[in-house]
Amino acid sequence: MPHYVLGHHLKGEGARLELMSELLDPMHRRYIDALGVVMPGARTLEVGCGNGSISAWLAERVSPGGTAVAVDLDLSLVPVRAQNLELRQADILAGPVDRGTFDLVTARAVLHHVADPETAIANMIASLREGGAFVLIEPDFLPVSIAEPQEVRAFWDGWLAWSRERGIDYHVGRTVAPRLASLGLTKINGTAETAIYNGGSLWAEYWMETVTELRGDLISSGKVEDRFLACCSNSKWWTQTIAFTAVHGRTFGG
């Protein structure tokens, strides 16, 4: 089974995922709510559930009578349990999950780690029932191209070079809409949201956790210096990093 570059075994990964949930769950829930498909009795699927925060919320929303299925390569950091929350260790590249049965399929920050995004998307779509809704949220690192000061922009240039060598595509967000269209989804729409943050904020803390976890690999690659961390502690420094691109569509009949 494939593995994550940011593996769940790494010290601090649980805290990093908690920060990601705090920062991104409100956006994710807002896009799901707008589709009007999550209601009592519905079946939902989250691929790459991380710590399970979105799937736990979905389990509450589909009660009574519904089921939320949460899939990940590694479920060790999912602390929540609920009667209608079903946890499955699986690889979405291996095939659809309960083909044609879900009212909603969603994934966040998954595709940029996947070796074959086309197959992953096709398998997620195949898991949807007729008229089901699909929501993908993926990063696009376009904002780092204008990051200030210069040493921060140099850090992100090195980060992107490192990530390409590790098979991570931090620009996959901009490709999601045409991929969905090519696979026959309808009513495709989306937006990109970019957080503007300063040193000492939750976003700065998130990046400090992430860079600290990966510091050994980043530095040994020879592509990255870690002066970026000093900026993350400076409340007078403001920046933006990722445009999180949220794209949604419907299978035929929706």
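The basis for the numbers below is simple: all heavy atoms, side chains too, and nothing from hydrogens, waters or symmetry mates.
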K.L.:
Atom CD in Glu46, atom CE in Met124: separation rounded to 0.5 Å?
P.N.:
11.0 Å
K.L.:
Would a 4.5 Å heavy-atom cut-off, applied to side chains only, mark Glu205 and Leu202 as touching?
P.N.:
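Yes - at least one pair of side-chain heavy atoms lies under 4.5 Å apart.
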K.L.:
In Å, rounded to the nearest 0.5 Å, how long is the span from CD of Glu86 to CZ of Arg43?
P.N.:
7.0 Å
K.L.:
Would you please classify the geometry between the Trp162 ring and the Trp159 ring as parallel, tilted or perpendicular, with 30° and 60° separating the classes?
P.N.:
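The rings of Trp159 and Trp162 sit tilted, inter-plane angle from 30° to 60°.
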K.L.:
With a 6.0 Å cut-off (strictly less than), is the heavy-atom count around CD of Gln150, excluding the residue itself, greater than 12?
P.N.:
yes
K.L.:
Can you sort out the partners of Phe228 under ring-ring contact (aromatic ring centres under 6.0 Å, His included), two or more places apart, ordered by chain and number?
P.N.:
Phe155, Trp156, Trp237
K.L.:
Could you walk me through whether Glu138 and Arg179 pass the salt bridge (charged side-chain N to carboxylate O under 4.0 Å, His left out) check?
P.N.:
CA-CA 13 Å; Glu138 289 293 330; Arg179 289 179 191 271; over 6 Å; no
K.L.:
Counting only N and O atoms by type, is there a donor-acceptor contact under 3.5 Å from the side chain of Arg153 to the main-chain atoms of Ala147?
P.N.:
yes
K.L.:
Verify side chain to side chain contact (heavy atoms under 4.5 Å, CB included) between Asp103 and Thr44, making sure each step is shown before the conclusion.
P.N.:
CA-CA 6 Å; Asp103 300 284; Thr44 67; 5.7 Å; no
K.L.:
Using 0.5 Å steps for rounding, measure from the CD1 atom of Ile125 to the CG atom of Leu183.
P.N.:
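That separation rounds to 4.5 Å.
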K.L.:
Are there more than 12 heavy atoms of other residues, nucleotides or ligands under 6.0 Å from atom CZ of Arg215?
P.N.:
no
K.L.:
To the nearest 0.5 Å, what is the distance between NE2 on His248 and OG1 on Thr191?
P.N.:
7.0 Å
K.L.:
How long is the gap from CG on Leu77 to CD on Glu13, to the nearest 0.5 Å?
P.N.:
6.5 Å
K.L.:
At what distance, to the nearest 0.5 angstrom, does CD1 of Ile32 lie from OG1 of Thr106?
P.N.:
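Reported value, rounded in 0.5 Å steps: 4.5 Å.
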K.L.:
With side chains defined as the heavy atoms from C-beta onward, is the minimum distance between Pro64 and Gln83 less than 4.5 Å?
P.N.:
no
